[in-house]
Amino acid sequence: MMHNYLFKRNSPLGKLYITSDGVNITGLWIENQKYFMEDVLSYEVNKDLRIFKLIDKWLNLYFDGLNPNFTIPVKFHTTAFKE
């Protein structure tokens with residue numbers, strides 16, 4: 001069974017909602033954006049996941065005007081139409 005986890009953090013752009021399957025980032029939304037995925041609010045909040053610690057560090061560097069020197073694993077969900 002796949003789990004969906006949620007990490008929320010503030011940013012200069014507004015509140016960010018970041019989702020993960022536990023290993024990869026699977027989505028990122030800004031609160032009140034046009035296509036905000038409302039069902040992410042039902043995901044299990046887990047700030048202790050390694051992936052969320054990595055994305056938090058990456059975003060801190062980025063918003064401080066620095067160039068993060070590492071990448072974050074991302075898992076894209078596509079359809080045949082989008083490929």
Side-chain angles (χ1 to χ4, degrees):
M1 178 180 170
M2 186 174 85
H3 290 283
N4 295 305
Y5 300 101
L6 176 64
F7 176 66
K8 297 183 258 185
R9 67 160 279 161
N10 293 319
S11 81
L13 303 172
K15 184 173 264 187
L16 300 179
Y17 293 80
I18 304 164
T19 57
S20 173
D21 59 10
V23 177
N24 307 286
I25 295 299
T26 56
L28 187 148
W29 294 265
I30 301 170
E31 187 173 52
N32 298 320
Q33 77 178 54
K34 186 174 182 179
Y35 296 106
F36 182 74
M37 195 172 102
E38 296 289 335
D39 67 331
V40 301
L41 300 176
S42 67
Y43 287 12
E44 179 182 338
V45 175
N46 188 331
K47 294 182 180 183
D48 294 328
L49 286 177
R50 181 178 183 275
I51 188 67
F52 289 150
K53 291 178 182 180
L54 281 173
I55 192 70
D56 195 45
K57 181 179 178 181
W58 194 98
L59 289 168
N60 285 333
L61 291 167
Y62 179 80
F63 289 129
D64 285 343
L66 302 171
N67 185 12
N69 62 353
F70 59 97
T71 58
I72 303 294
V74 176
K75 184 174 185 181
F76 293 99
H77 297 279
T78 63
T79 63
F81 178 75
K82 293 180 181 178
E83 290 178 349

H3 vs D21 side-chain heavy atoms within contact, under 4.5 Å: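 With C-beta onward as the side chain, the pair stays apart.
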I18 vs I25 side-chain heavy atoms within contact, under 4.5 Å: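 Yes; the side chains approach each other to less than 4.5 Å.
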Heavy-atom closest contact (F70 atom, L54 atom, distance):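 Scanning both residues completely, I find the closest heavy atoms to be CE1-O, 3.7 Å.
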With clusters defined by side-chain heavy atoms of hydrophobic residues (ILVMFWY) lying less than 4.5 Å apart, directly or transitively, does F52 cluster with L28?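 Cluster IDs for L28 and F52 match.
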Linking I/L/V/M/F/W/Y whenever their side-chain heavy atoms sit closer than 4.5 Å, directly or via other members, would V23 and Y43 fall into one cluster?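 No; tracing contacts between hydrophobic side chains, which count when under 4.5 Å, never links both residues.
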Sub-3.5 Å donor-acceptor pair from the side chain of [X] to the main-chain atoms of [Y], do we have one?
X: N60; Y: D56; answer: yes
X: N46; Y: D48; answer: yes
X: S11; Y: K15; answer: no

Separation between [atom1] of [X] and [atom2] of [Y], rounded to the nearest 0.5 Å:
X: Y17; Y: E31; atom1: OH; atom2: CD; answer: 3.5 Å
X: L6; Y: E44; atom1: CG; atom2: CD; answer: 10.0 Å
X: I51; Y: I72; atom1: CD1; atom2: CD1; answer: 5.5 Å

Do T26 and T19 have side-chain atoms, one donor and one acceptor, less than 3.5 Å apart?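 Yes, T19 and T26 have a side-chain donor paired with an acceptor closer than 3.5 Å.
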Crowding at OH, Y62 (>12 non-hydrogen neighbours, <6.0 Å):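 No, not enclosed.
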